[in-house]
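Below you'll find the structure, written out as C-alpha cells, and then a few comments.
Heads up: numbering here begins at 1 and tracks the sequence.
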Amino acid sequence: PVKRNKETQEARMKLPICGEEQAIMEAISNNPVVIICGETGSGKTTQVPQFLYEAGYGNKDSDNPGIIGITQPRRVAAVSMSKRVAQELSLSEQEVSYQIRYDATTSPKTIIKFMTDGVLLRELANDFLLSKYSSIIIDEAHERSLNTDILIGVVSRVLKLRAELSEEEKSKIKPLKIIIMSATLRVSDFTQNKNLFVMAPPVINVNARQFPVSIHFNKRTPDIDHISETFKKVCKIHTRLPHGGILVFLTGQNEISILCRKLRRKFPYIKQNQDTYMSRQLLEEKEIINEAVEKVRECLTAKQADIETEDLDIGDKEVEEAESFDTDSEDSEDIKDFDNDEMIVDQHAGPLYVLPLYSLLSTHAQLRVFEPPPEGTRLCVVATNVAETSLTIPGVKYVVDCGKVKERQYDVTTGVQSYVVGWTSKASADQRAGRAGRTGPGHCYRLYSSAVFNDQFQQFTVPEIHRMPIEGVVLQMKSMNIDTVLNFPFPTPPDHDKLRKAENLLQYLGALNENGRITELGRTMATFPIAPRFSKMLIIGQQHGCLPYIIAIVSALTVGDPFIKDFHLDNNRNSDEEEENEDDRSNELSGIHKENILQKERRKLIRKSFYDVQKKHSGLDPTSDILKLLSVVGAYEYEGGTDKFCESNFVRPKAMQEIHKLRGQITNIVQMNCPGVDVCVDPKMKPPSTIQIKALKQIITAGFIDQVAIRKGVIEKSSKTFSSTRNVEYCTMWTEDVVFIHPTSILYHNKPPNFVVYQELHKTSKVWMKGVTVVESS
Ligand code: ADP
Ligand code: MG
C-alpha cells in the first residue's frame with residue numbers, strides 16, 4: 001500500500017519513465033542485469049527505486065526482502081534524492097535513507113538506501129555477497145567515475161556468486177538484481193564487454209519528452225575570461241527574454257562566487273521581510289567591501305599567476321573551484337551591442353534570484369535550488385557539473401554554457417597532479433543544453449563557436465580510471481580477495497603500468513607482500529575510509545600517545561585543506577549565507593569616512609588578521625604544514641566548533657565539520673579493530689609535547705616515504721645560501737622536473753630545508769609541492 005499525495009501523483013505521471021514501468025519491471029524480473037538509458041529529468045533516479053519498492057523489493061515478507069540500494073557518484077545527489085523519494089512515498093528518513101562518507105540516516109527500518117558508490121565499495125569488503133540487498137541500482141553510469149567503474153566490475157562477480165549460492169540454498173539466499181542507469185545511450189563498454197557480462201544485458205531506452213532546445217553558438221570564440229562573457233549573456237537574457245529560469249555552467253566554486261556576486265549586485269533581490277532601509281545600507285556597505293576584495297584579487301592574481309588554488313574532495317568524485325583569469329578581451333559579435341555597465345544597478349529588469357550550486361556548499365544551501373524562487377523574481381542557478389546530470393533543477397528555460405570543465409589529471413609515473421580547465425566533451429555539452437528543454441522549449445547559449453565545438457571537443461569524456469591514482473581501489477579489491485587485479489573486469493581497463501605502480505606503492509607501505517597478496521596490515525589499512533598511506537600513518541601512530549593527533553591529521557588530510565586562500569578573503573567565507581552576513585570588523589572602522597580609505601583599511605585589516613591566524617597556527621611547529629592543520633583542528637574543537645571560530649580563523653565551516661565527523665568515525669574503527677588501544681575524540685585535546693611533535697613528524701615522513709624531496713644544492717654540494725624558499729629547486733624520486741615549495745606553505749618564507757616530504761605535487765607553470773614537512777634528522 002503506497003501512499004502518495006495528489007500533487008506527487010500528478011507530477012509522477014508526467015515523467016516519461018512512468019510509461020515504461022511495466023517494461024522495466026518485466027526486464028528486471030527476467031534478467032539479472034538491466035540497463036536503463038534515459039535523458040536527465042526523465043525520472044530514473046526518483047522513480048526506479050519506487051518501482052522496485054512497489055513490486056515488493058525491500059518488503060520483509062516478500063521473495064526479495066533485502067534493501068533496495070542506489071549508488072551515486074556525488075554526495076549531493078545521494079542526500080537530495082533520498083529526501084525526495086522519502087517525500088514522494090510518504091516514508092520516513094529512516095525508511096528511505098542515505099549514507100555518505102560523513103553522514104547517514106540508515107536504521108534497521110531502512111528499505112531504500114541512497115549512498116555514494118564509495119560507501120558501497122567499502123561495504124563489499126566486509127560482505128562480498130551484499131547479503132543485505134535485494135537489488136542494487138548503479139546510477140549515473142555514463143559519468144564513468146572511478147568508483148562506479150570498479151563497482152560495476154565487482155557486482156558482476158557478486159551476481160554470479162549469489163546466483164550459484166541461491167541454487168544451493170534456495171531458502172536462504174536470493175539472487176541479486178542489478179540495474180545500471182545512464183543518461184546517455186553510450187553503454188557499449190558495459191554491454192559489449194564479455195569479460196564483464198557474458199550475456200549482454202538488455203537495454204531499455206526511455207524516450208524522454210524532451211522539448212526542442214535551440215542551440216546558439218557564439219560566432220567567434222572569444223579569448224576573454226568566460227566569467228565576464230557569461231555575465232553579459234545572463235544580463236541579456238534577463239533584461240530581454242521572457243520569463244523562465246537560467247542555468248549557468250562554470251568550472252568551479254571561485255568562478256561561481258564571482259558571477260553570483262556580480263549578478264546580485266546588478267539585479268538585487270531584497271528580502272521582503274527585512275527593513276528596507278537597513279537592507280539598502282547593508283547592501284551598499286557590502287558592495288564597497290566586495291569591490292575592494294575584487295581589486296585585491298585582481299592584483300593578487302596578476303602577481304601570483306603561478307599559484308593555483310584548487311580544493312578537492314578526495315575520495316568522492318567532486319572537484320571544485322578554479323582560478324583562471326584570462327585577461328585579453330575581445331567581444332563576440334553576438335554581444336557587441338552590450339554596454340559595459342555592470343556596476344549600475346538595473347531596476348527595470350526586476351530582481352534575479354541567484355543561487356550557487358557546487359559540492360562544497362552546505363547541503364541546506366544546495367537544496368534551495370529545488371524550491372520555487374520568490375514571487376516576482378527570476379531564478380538563476382550558477383552551477384558546476386553537478387547540474388549536468390545529477391540534479392534536475394525545475395523550471396530552467398535558458399542554459400548558458402561556458403563550454404569548459406575542470407578535471408583532475410594525474411601522471412602515473414611522476415605522481416604529479418594538475419587541474420586542467422579545458423573544453424568539455426560533446427556529450428557533456430549536449431547534456432548541458434538538454435537541461436533547458438525539460439518544462440518547455442528552451443535555449444542554450446554556448447559561449448564558443450560551432451567550429452571550436454566540432455574540431456576541438458572530444459566526443460566523450462575520458463573515464464576517470466584513466467585520470468586518477470588507483471592505489472586506494474586496488475587495496476580495496478585486494479581486501480575483497482580479488483588477487484589478480486590484472487584480470488579484473490574493468491569496463492575499460494587501465495594500462496598495466498598504472499596497475500603495477502599502484503601495487504608497488506602498496507608493497508612499499510607493507511599492505512601487500514612480495515607476491516602481491518594482501519597482508520594483515522593491508523587488511524587493517526583497508527578498514528579505514530581513507531587513502532592507504534594515511535591508514536599506514538594511523539597504524540604506526542601509536543607511539544608516544546600520538547594516535548589522537550594522527551587521527552586528527554589524517555582526517556584533515558582526507559577532507560582537504562580547510563583554509564580559505566588569502567585572495568578569497570571575505571568573499572568565500574560563509575558562502576552559503578553570502579548575502580545575509582555583515583562584516584563584524586566594521587566597528588573598528590567607524591570614524592573613517594572616505595570610501596576609498598575605508599576600502600583600503602578594511603582590506604588591510606582583513607589581510608592582517610588572516611596572516612595573524614596563519615602565524616598562530618604555525619606556532620605549534622614552524623616546519624610542517626601538516627602540523628599547522630593539526631593546530632587548527634585542535635583549536636576548533638577546543639573552542640566548541642562554532643561558525644564564529646571558522647570565521648575568525650579563515651577556515652571553511654563545512655570542511656571543519658567533515659573533519660570532525662571523520663575523526664569520530666576513524667576513532668570508532670580504531671576502537672573496534674585494535675583491541676587494547678584506548679582512544680577517544682577529546683574536545684580538550686592538549687597540544688602535543690615536544691617529544692610528540694618530533695614523533696608526529698617521523699610518522700608523517702613514514703607515510704610519505706616515497707614523496708621525499710631533496711634540495712638540489714645539497715646534491716650538487718653547492719654552498720649557495722638562501723633566505724627564503726622562493727625559486728629554490730628540489731629534486732624528487734619520480735620526476736625529472738625540479739619542484740618548488742608552494743607559496744601557501746608555512747615554509748615558504750623560511751630558509752630552505754635540505755630534506756622535505758610533500759603531500760602532493762601540483763603542476764601549473766611549475767611543479768609545486770604542497771603540504772610540506774621538514775624531515776627530522778634523528
Ligand atoms: P533523472 O534521474 O532521470 O535525471 P530524476 O528522477 O532525478 O530524473 O528527476 C525527475 C523529476 O523530479 C525532475 O523533473 C526533477 O525536477 C524532479 N525532482 C527531483 N528531485 C526533486 C526535488 N528535491 N524537489 C523537486 N523536484 C525534484
Ligand atoms: Mg538521475
Side-chain angles (χ1 to χ4, degrees), residues 307 415-417 508-509 531 533-534 536-538 540-541 543-544 546 549-550 552-554 556-557 560-563 611 613-635 687-735 737-762 766-778:
I307 306 170
V416 177
Q417 303 197 17
Y508 242 178
L509 297 172
R533 65 171 81 249
F534 298 157
K536 169 81 184 231
M537 286 164 58
L538 278 178
I540 60 174
Q543 42 180 307
H544 302 294
C546 283
Y549 302 115
I550 289 291
I553 287 173
V554 299
L557 289 175
D561 191 356
F563 279 100
Y611 286 109
V613 164
Q614 301 299 311
K615 224 181 184 163
K616 178 175 90 191
H617 291 300
S618 310
L620 197 52
D621 182 282
T623 67
S624 170
D625 290 321
I626 292 178
L627 291 180
K628 177 178 117 185
L629 267 182
L630 175 62
S631 166
V632 78
V633 171
S689 66
T690 318
I691 296 175
Q692 285 173 324
I693 288 178
K694 193 166 167 157
L696 286 172
K697 281 166 46 182
Q698 285 167 350
I699 295 164
I700 292 167
T701 305
F704 294 107
I705 191 66
D706 57 323
Q707 302 190 352
V708 178
I710 303 168
R711 191 163 60 80
K712 203 172 171 196
V714 176
I715 301 172
E716 291 169 347
K717 300 206 165 58
S718 120
S719 55
K720 206 166 155 201
T721 58
F722 301 89
S723 59
S724 90
T725 67
R726 200 184 153 86
N727 291 327
V728 175
E729 300 177 331
Y730 282 83
C731 303
T732 72
M733 286 159 74
W734 305 107
T735 160
D737 289 339
V738 285
V739 303
F740 299 87
I741 291 178
H742 195 272
T744 55
S745 168
I746 60 171
L747 293 170
Y748 188 66
H749 297 289
N750 299 355
K751 265 180 58 181
N754 291 347
F755 299 92
V756 296
V757 288
Y758 56 86
Q759 187 193 340
E760 285 171 341
L761 290 182
H762 279 253
K766 288 177 178 168
V767 180
W768 300 105
M769 295 185 273
K770 281 188 171 177
V772 182
T773 299
V774 174
V775 174
E776 274 291 287
S777 51
S778 45

Which residues pass the side chain to side chain contact (heavy atoms under 4.5 Å, CB included) test with Ala556, not counting sequence neighbours? Leu629, Val633, Ile659
Among residues at least two apart in sequence or on other chains, which ones pass side chain to side chain contact (heavy atoms under 4.5 Å, CB included) with Ser631?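 Checked Ser631 against side chain to side chain contact (heavy atoms under 4.5 Å, CB included); matches are His617, Leu620.
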Minimum side-chain heavy-atom gap Asp737-Leu761 below 4.5 Å: no
Evaluate the side-chain proximity of Asn727 to Lys766: yes if any heavy-atom separation is below 4.5 Å, no if none is.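 When only atoms from C-beta onward are counted, Asn727 and Lys766 do touch, with a gap below 4.5 Å.
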Run the side-chain donor-acceptor check on residues 715-724: report pairs under 3.5 Å with partners two or more places apart or on a different chain.
{"from": "Ser718", "atom 1": "OG", "to": "Lys720", "atom 2": "N", "distance (Å)": "3.2"}
{"from": "Ser724", "atom 1": "OG", "to": "Arg726", "atom 2": "N", "distance (Å)": "3.1"}

Quick one: does [X]'s side chain have a donor or acceptor within less than 3.5 Å of a partner on [Y]'s backbone?
X      : Y      : value
Thr725 : Val728 : no
Asp625 : Ile746 : yes
His544 : Cys546 : no

Just to verify, what does [X] make a side-chain hydrogen bond (donor to acceptor under 3.5 Å, both in side chains) with, not counting sequence neighbours?
X      : answer
Lys536 : none
Lys616 : Asn649
Thr773 : Ser624

Could you list the donor-acceptor pairs under 3.5 angstrom formed by side chains in residues 700-710, with sequence neighbours left out?
{"from": "Thr701", "atom 1": "OG1", "to": "Lys697", "atom 2": "O", "distance (Å)": "2.7"}
{"from": "Asp706", "atom 1": "OD1", "to": "Arg533", "atom 2": "NH1", "distance (Å)": "2.8"}
{"from": "Asp706", "atom 1": "OD2", "to": "Arg533", "atom 2": "NH2", "distance (Å)": "3.2"}

